[in-house]
Amino acid sequence: MSRAVLSIGSNIGDSLAHLQGVVDGLQNWVVAVSPVYATAPWGGVDQQDFLNAIVVVDDPDTDALGWLRRGQELEVAADRVREQRWGPRTLDVDVVVCDGIRSDDPELTLPHPRAHERAFVLVPWLAVEPDATLAVAGTTVRVEDALAKLDVSERDGVRRTAQRLELRSL
């Protein structure tokens, strides 16, 4: 079994459609989809708010790099252009964790090295896996505890929307 948590986000074009494209593209392996959240951009680049969600996937034939490749293929399909670090994008798909693997590979560091600092990852993750844990600095922490350590303004900046992502037959 290869279970992964993917963080997805978009703030260019039809952001909800870009996020739905991930759910549609991975539909055969989707275990859970979080609500959709609006969040302020992270990283200091002036841009519009993002829509963010978490997708939990499971496929016994896909390893962590396989999830990365699938995410990158979905980004390409959404016309993702990498012009500016932390800049606006049609779609961003990050592998947050996969089967508890720890990796310092520059292509795919696991768990995601800044996931524990990003409320836009932690809040939606808790919505679908309330008991989730994450390795941080060599120790395992509850995602709920990692979120509690963040500044209140960052936690409050993750706003649940009425928009939804649907698992549907294509």
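Computed from a predicted structure; not experimentally measured. Sequential numbering from 1 along the given sequence is applied to the chain's residues. These values consider heavy atoms only, across backbone and side chains, with no hydrogens, waters or symmetry-generated copies.
Side-chain atoms of His112 and Val121, non-hydrogen and from C-beta on, never get closer than 4.5 Å to each other. Side-chain contact between Trp125 and Leu134 is present, with heavy atoms from C-beta onward closer than 4.5 Å. Residues Val141 and Thr139 form a side-chain contact, since some pair of their non-hydrogen atoms from C-beta on lies under 4.5 Å apart. Side-chain contact between Asp131 and Thr133: absent, with no pair of heavy atoms (C-beta onward) separated by less than 4.5 Å. In this structure, Val56 and Val30 have side chains that are not in contact, with every pair of non-hydrogen atoms separated by 4.5 Å or more. Side-chain contact between His116 and Val143 is absent, with no heavy atoms from C-beta onward closer than 4.5 Å. Between Leu108 and Trp67, the closest side-chain pair of non-hydrogen atoms is not below 4.5 Å. In this structure the side chain of Cys98 reaches within 4.5 angstrom of the side chain of Ser2, judged on heavy atoms.
When all heavy atoms of Arg155 and Ala148 are compared, the closest pair comes out as NH1-O, 2.9 Å. Listed here is the closest heavy atom pair of Leu74 and Gly25: CD2-CA, 4.1 Å. The shortest non-hydrogen separation linking Leu110 to Val96 is CD2-O, 3.8 Å. The heavy-atom pair separating Ile101 from Ala64 by the smallest distance is CD1-CB, 4.4 Å. Across all their heavy atoms, Glu154 and Ala119 have their closest contact at OE2-N, 3.3 Å. Here the closest heavy-atom approach between residue Pro124 and residue Phe120 is recorded as CG-O, 3.1 Å.
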- Kindly indicate, with the supporting measurements, whether the criterion side chain to side chain contact (heavy atoms under 4.5 Å, CB included) is fulfilled by Val22 and Val93. CA-CA 8 Å; Val22 173; Val93 180; 4.0 Å; yes
- Yes or no on side chain to side chain contact (heavy atoms under 4.5 Å, CB included) for Val55 and Val57, after CA distance, side-chain angles and deciding distance? CA-CA 6 Å; Val55 179; Val57 290; 3.8 Å; yes
- Task: List the steps and the verdict of side chain to side chain contact (heavy atoms under 4.5 Å, CB included) for Asp99 and Asp63.
- Result: CA-CA 9 Å; Asp99 291 335; Asp63 62 8; over 6 Å; no
- Item | Step-by-step side chain to side chain donor-acceptor pair (under 3.5 Å) determination, Thr39 to Asn52 | CA-CA 7 Å; Thr39 61; Asn52 292 98; 2.5 Å; yes
- Carefully, step by step, assess Ile54 and Val123 under the rule side chain to side chain contact (heavy atoms under 4.5 Å, CB included). CA-CA 9 Å; Ile54 287 287; Val123 170; over 6 Å; no
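Remark: the backbone N or O of Ala132 is not paired with any side-chain donor or acceptor of Arg142 at under 3.5 angstrom.
Within a 6.0 Å sphere centred on CG of Asp151, other residues, nucleotides and ligands contribute more than 12 heavy atoms. Around CZ of Arg69, the count of heavy atoms belonging to other residues, nucleotides or ligands within 6.0 Å exceeds 12.
Salt bridge status for Arg70 with Glu75: absent, with no side-chain N to carboxylate O gap under 4.0 Å. A salt bridge does not link Asp94 to Arg114: none of the charged nitrogens lies less than 4.0 Å from a carboxylate oxygen.
Scored by the side chain to side chain contact (heavy atoms under 4.5 Å, CB included) test, Gln163 finds Leu16, Val36, Leu51, Thr161 as partners (sequence neighbours excluded). Partners of Arg159 according to the salt bridge (Lys or Arg N to Asp or Glu O under 4.0 Å) rule, which considers only residues two or more places apart in sequence or in another chain, are Asp49.
How far CZ of Arg168 is from CG of Asp24: 4.0 Å, rounded to the nearest 0.5 Å. Atom OG1 in Thr109 sits 13.5 Å away from atom CZ in Arg102 (nearest 0.5 Å). Distance check, rounded to the nearest 0.5 Å: CD of Gln20 to OG of Ser10 gives 12.5 Å. Distance check: Asp145 CG to Leu150 CG gives 11.0 Å after rounding to the nearest 0.5 Å. Distance check, rounded to the nearest 0.5 Å: NE2 of His18 to CZ of Arg89 gives 12.5 Å. Distance check, rounded to the nearest 0.5 Å: OG of Ser34 to CZ of Arg160 gives 8.5 Å.
Of the N and O atoms on the side chains of Asp105 and Ser103, not one donor lies less than 3.5 Å from an acceptor on the other residue.
Under the 4.5 Å side-chain contact rule for hydrophobic residues, Val76 and Val23 do not share a cluster. By the rule that hydrophobic residues join a cluster once side-chain heavy atoms approach within less than 4.5 Å of another member, Ile12 and Ile8 end up as members of separate clusters.
Judged by the 6.0 Å and 45° rule, Arg3 forms no cation-pi pair with Trp29.
The only member of Leu19, Val158, Asn11 that meets side-chain contact (heavy atoms from CB on, under 4.5 Å) when paired with Phe50 is Asn11.
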